[in-house]
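Down below is the structure, laid out as structure tokens.
When reading the values below, keep in mind they use all heavy atoms of this one structure, side chains included, and skip hydrogens, waters and symmetry mates. Proteins come first, then strands; the chains are lettered A, B, ... in the order of their sequence lines, and each starts at number 1.
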Amino acid sequence: MLQQTPVVRVLPVWERWMARWPTPADLAAEPAGEAVRAWEKLGYPRRALRLHACARELEEVHGGRVPSDLAELLALPGVGEYTAAAVSSFAFGIPATVVDTNVRRVQARAVTGQALPEPSYTRAEARLADALMPQRETQDGIREANLWNAAAMELGALICTARSPSCDVCPVRQRCAWIAAGQPAPHYQPKGQAWEGTDRQVRGAMMTVLRAAESSVPEALLTAVGPLPQARDLDAQRGTPEQTSEQWRALRRLAAGAEQRQRCLTGLIADGLAVQDGAGGVTLPA
DNA sequence: CACTCGTGGAC
DNA sequence: TGTCCAAGAGT
């Protein structure tokens, strides 16, 4: 849930999720669509699919337990380098080099002296992160290493933030290479991600409708260009009307052509986020 | 390596 | 107001 998503947005969803599915077995017993629905509006709904697949793999391959081995973690669906290292270090107390966007920014500033890390994660950053990790030969060293991971992330998340860092209260400001260099501006220009008219926007609107629907949604409603039926005509297929009428409006509002809508729906089906019911309808996966 | 994939708060 | 960006992963 935390992948590319702010902590404060994750927390309430995570609480509900854990109350409903306390163990991998609980989640594995559900249809994938329930995971997608419970994902709510965290974004990147494929993560919900992968987490569900992960729960099933934990059941089938790991006896319902989360493995502590880094390579085994890495092999799980939706678990990449960052997540594997974070689980190893934070959940199991086994040090692994945790590098997320916060750590990258802290390193770029405090050590390299740049305002921002490179646009894409480089091998040099990975080597630097490894070199900065405390030694972990002794028990104390192991604790230090795990603490280091948490400290680097928290420093980046709370003090050394992307927009307006709180350098005045930063505990490492005396040794910060970026401060020492006079806080130079970024050496590249971040390219903003477009949104209006993108496939992401269309897919997102379609997923909003599918999550809100209690039964199959006619394909034509998702792919039709031009005015869609009035929200009241769709009551039979929806959850609570108040909650979802706005979401239908969002779909109607899209400036998406027929080919784009069709491509996006096909993409959602290919991703396993939507399935066809054989009668011209679409639902979340069973 | 470059690209795709959601969402909404902050400034 | 529009832009930026957030505990990345998979292809």
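Residue A:V79 is in sugar-phosphate contact alone, with no base atom involved, counting any heavy-atom pair closer than 4.0 Å across all strands shown. Among the heavy atoms of the strands lying under 4.0 Å from A:R105 are primed sugar atoms or P, OP1, OP2 only; no base atom is included. At a threshold of 4.0 angstrom between heavy atoms, the contacts of A:T101 are confined to the sugar-phosphate backbone, with no base atom among them. Nucleic acid contact class of A:G43 (heavy atoms, under 4.0 Å, all strands): base. A:S164 comes within 4.0 angstrom of nothing in the nucleic acid, heavy atoms only. Within 4.0 Å (heavy atoms only), A:A86 reaches no atom of the nucleic acid at all. Counting non-hydrogen atoms under 4.0 angstrom, A:Q201 reaches nothing in the nucleic acid. Residue A:E40 is classed as having no contact, given no heavy-atom separation below 4.0 Å to the nucleic acid.
For the 3.5 Å distance criterion, the side chains of A:T97 and A:D130 qualify, holding a donor opposite an acceptor. No side-chain N or O of A:Q107 forms a donor-acceptor pair with one of A:E125 less than 3.5 Å apart. Between the side chains of A:R105 and A:T161, no donor-acceptor pair of N or O atoms lies under 3.5 Å. No donor-acceptor contact under 3.5 angstrom links the side chains of A:E57 and A:H52, judged on distance only.
For A:K41, whose side chain is taken as the heavy atoms from C-beta onward, the closest listed nucleotide among B:dT7, B:dG6, B:dA10 is B:dT7.
Atoms CZ (A:R211) and C1' (B:dG6) sit 9 Å apart, rounded to a whole Å. The interatomic distance linking A:E118 (CD) with B:dC1 (C1') rounds to 14 Å, in whole Å. Taking atom CZ of residue A:R203 and atom C1' of nucleotide B:dT4, one finds them 9 Å apart after rounding to whole Å. Between the CZ atom of A:R9 and the P atom of B:dA10 there is a distance of 10 Å, rounded to whole Å. Following rounding to the nearest Å, A:L11 (CG) and B:dG9 (C1') show an atom-to-atom distance of 15 Å. Here B:dT7 presents its P atom at 18 Å from CG of A:L2, a figure rounded to the nearest Å. One interatomic measurement links the two molecules: CH2 of A:W195 to C1' of B:dG8, which rounds to 10 Å at whole-angstrom precision.
Taking the P atoms as reference points, C:dT11 lies 14 Å from B:dG6, given to the whole Å. Taking atom P in both B:dA2 and C:dA7, one finds a spacing of 24 Å when rounded to whole Å.
Nearer the 5' end of DNA chain B, as judged by each residue's closest nucleotide, is the contact made by A:S120, out of A:S120 and A:D271. Nucleotides of DNA chain B nearest to A:Y121 and A:T5 differ in position, and the one nearer the 5' end is that of A:Y121.
Checking side-chain atoms of A:R175 against main-chain N and O of A:A110 turns up no donor-acceptor pair under 3.5 Å.
Protein chain A contacts DNA chain C over a range whose 5' and 3' limits, counting nucleotides with an atom under 4.0 angstrom from a non-hydrogen atom, are C:dT3 to C:dG10.
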Could you walk me through whether A:W39 and A:L49 pass the side-chain contact (heavy atoms from CB on, under 4.5 Å) check? CA-CA 9 Å; A:W39 199 255; A:L49 231 40; over 6 Å; no
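Here side-chain hydrogen bond (donor to acceptor under 3.5 Å, both in side chains) pairs that include residues 78-90 of chain A, with residues two or more places apart or in two chains, are A:Q3-A:T83, A:S89-A:N146, A:S89-A:N149.
Linking Ile, Leu, Val, Met, Phe, Trp and Tyr whenever their side-chain heavy atoms come within less than 4.5 Å puts A:V66 and A:I94 in one cluster.
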